[in-house]
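Working notes for the structure below.
All heavy atoms count here, side chains included; hydrogens, waters and symmetry mates do not.
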Amino acid sequence: DNYTELGLTSDYIGYYAIGNAGQLMYFSNGVKNENSTFGGMNVVLVDDIDFNPGYTFNSDGTVLYENSPVTSGWREWVPIGTFHSSYKGEFNGNYHTISGLYTNDENMDYIGLFGAISYCEIYNVGVKNSYFNGDQYVGGIVGHASFKSSFENCYSEATVGARYAAAGIVAAGSCQSGEYSVKIVGCYYNGVLKPRGYTYMSGIYGGQNEIIKNSYYNSDKCNYGKKEYAMSEADFKSGLVAYLLNGDQSAIVYGQTIGTEDYPVFGGETVYGGYADCDSENLSVTNDVNMVLNETKGHIWEYSSSGTTMTA
């Protein structure tokens with residue numbers, strides 16, 4: 001009943017609101033150990049969460065605490081959901097980020113922010129400064145997703161390693177005949193993928209029977225995945241990926257201050273896109289709303305001092 005105190009609307013009555021590391025861990029343990037109560041619970045984040053403040057988890061496996069090398073002291077992350085106790089609810093990150101997650105066990109399966117989910121919706125959440133390494137089914141967001149689970153506006157910068165089935169967003173999935181396993185829209189991976197094998201490795205999704213739209217991975221950090229989803233470091237820094245993640249631009253979720261921020265962020269400075277002139281083949285992007293850019297190739301839009309739109 002205290003949803004207004006948390007900055008939420010009445011739409012979130014009945015949701016479990018998570019705003020700190022302790023609440024996140026409590027929820028994860030609940031899904032694993034009391035699945036009948038927590039497994040289908042709807043969740044909303046009300047703040048950014050750093051699970052291991054002061055720690056930096058490098059892609060080479062080394063760990064720093066306040067910029068000094070350490071070999072212990074951090075908290076191990078227990079992924080939300082297991083194969084036998086999967087998460088089946090709605091998880092709304094509310095445009096917040098979760099950072100400082102560390103799971104490193106080469107005998108463990110189903111690793112990520114979530115270990116295993118089914119019939120689930122996950123959206124509006126980013127994972128930063130995290131390290132996930134295991135045996136099978138390791139993902140930057142989810143290890144294994146089943147039965148039409150969906151992901152929208154999610155990103156991960158986590159290092160991901162596995163012997164079998166590793167991916168930047170979702171490592172693997174399953175579905176009934178004639179259905180899709182996962183739907184991924186407006187998501188990106190900007191981490192390092194470190195497989196110890198070469199079966200089902202991908203920058204976005206390592207399984208089959210998927211629907212993927214407006215989703216990309218950084219091909220300078222991750223060499224695995226379908227080329228239509230690959231974008232270079234330069235594409236990310238230019239603001240192009242931020243623009244493309246927003247799809248038809250009817251809802252602007254990602255922004256980026258070009259030249260200052262290297263990667264897309266939730267909210268942030270709006271990135272506009274178009275074509276510079278009638279002969280342009282390449283999409284251009286800018287933070288300047290007044291810059292003349294055409295929405296389609298082969299047609300130029302100009303603006304007079306009075307604001308009247310003219311075509312040429």
What distance do [X] atom [atom1] and [Y] atom [atom2] have between them, rounded to the nearest 0.5 Å?
X      : Y      : atom1 : atom2 : result
Ser86  : Phe114 : OG    : CZ    : 11.5 Å
Ile141 : Phe151 : CD1   : CZ    : 8.0 Å
Glu157 : Thr97  : CD    : OG1   : 9.0 Å
Thr257 : Asn287 : OG1   : CG    : 6.0 Å
Asn153 : Ile122 : CG    : CD1   : 13.0 Å
Asn94  : Leu45  : CG    : CG    : 7.0 Å

### Task
Test Val253 against Asn246 for side-chain contact (heavy atoms from CB on, under 4.5 Å), laying out the working first.
CA-CA 6 Å; Val253 172; Asn246 290 321; 3.8 Å; yes
Indicate the atoms forming the closest heavy-atom contact of [X] with [Y], along with that distance.
X      : Y      : result
Tyr55  : Trp74  : OH-N, 3.6 Å
Gln23  : Ala17  : OE1-O, 3.8 Å
Gly139 : Ala171 : N-CB, 4.1 Å
Asn190 : Lys221 : OD1-NZ, 3.2 Å
Ser59  : Lys194 : O-NZ, 2.7 Å
Leu283 : Gly273 : CD1-C, 4.1 Å

Have [X] and [Y] got a donor and an acceptor in their side chains that come within less than 3.5 Å?
X      : Y      : result
Tyr243 : Gln256 : no
Asp60  : Thr62  : yes
Ser232 : Asp235 : yes

Can [Y] be reached from [X] by stepping across I, L, V, M, F, W or Y side chains whose heavy atoms are under 4.5 Å apart?
X      : Y      : value
Ile117 : Val78  : yes
Tyr200 : Ile212 : no
Tyr137 : Met201 : no
Ile98  : Met41  : yes
Met25  : Tyr16  : yes

### Message
For a side-chain hydrogen bond (donor to acceptor under 3.5 Å, both in side chains) check, start with the C-alpha distance between Glu90 and Tyr123, then their side-chain angles and the critical distance, and finish with the verdict.
### Response
CA-CA 8 Å; Glu90 173 189 320; Tyr123 53 98; 2.4 Å; yes
Tell me whether [X] contacts the main-chain N or O of [Y] through its side chain, where contact means a donor paired with an acceptor under 3.5 Å.
X      : Y      : result
Arg163 : Asn107 : no
Asp105 : Gly134 : no
Ser146 : Ser118 : no
Ser215 : Lys213 : yes
Glu152 : Glu121 : no
Tyr205 : Gly173 : yes
Ser28  : Pro79  : yes
Asp47  : Asn20  : no

### Message
Taking NZ in Lys32 as the centre, count heavy atoms belonging to other residues, nucleotides or ligands within less than 6.0 Å. Is the count above 12?
### Response
no
Note, [X] side chain near [Y] side chain (heavy atom, < 4.5 Å):
X      : Y      : result
Val289 : Thr270 : no
Asn92  : Tyr12  : yes
Ser130 : Phe57  : no
Tyr216 : Leu245 : yes
Tyr217 : Leu193 : no
Asp109 : Phe83  : no
Met231 : Leu244 : yes
Val138 : Asn133 : no

### Message
Go through it in stages, so that I can follow the logic: the residues are Phe27 and Tyr87, the test is ring pair (Phe, Tyr, Trp, His ring centres under 6.0 Å), and I'd like the CA-CA distance, side-chain angles, deciding distance and then a yes or no.
### Response
CA-CA 11 Å; Phe27 173 68; Tyr87 178 57; 5.5 Å; yes
### Query
Parallel, tilted or perpendicular: which fits the ring planes of His144 and Tyr110, with parallel below 30° and perpendicular above 60°?
perpendicular
### Query
What do the steps show when you test Tyr188 against Tyr263 for ring pair (Phe, Tyr, Trp, His ring centres under 6.0 Å), and what is the final call?
CA-CA 10 Å; Tyr188 78 86; Tyr263 307 110; 7.6 Å; no
### Query
Which one of Tyr131, Phe132, Phe51, Tyr102 satisfies the ring pair (Phe, Tyr, Trp, His ring centres under 6.0 Å) criterion with Trp77?
Phe51
### Message
Using the ring centroid of each side chain, check whether Tyr155 and Tyr189 are separated by less than 6.0 Å.
### Response
no
### Task
Kindly state whether the ring of Tyr95 and the ring of Phe266 have centres lying under 6.0 angstrom apart.
yes
#### Entry: Stepwise side-chain contact (heavy atoms from CB on, under 4.5 Å) test for Glu269 and Ile258
CA-CA 8 Å; Glu269 192 76 14; Ile258 299 170; over 6 Å; no
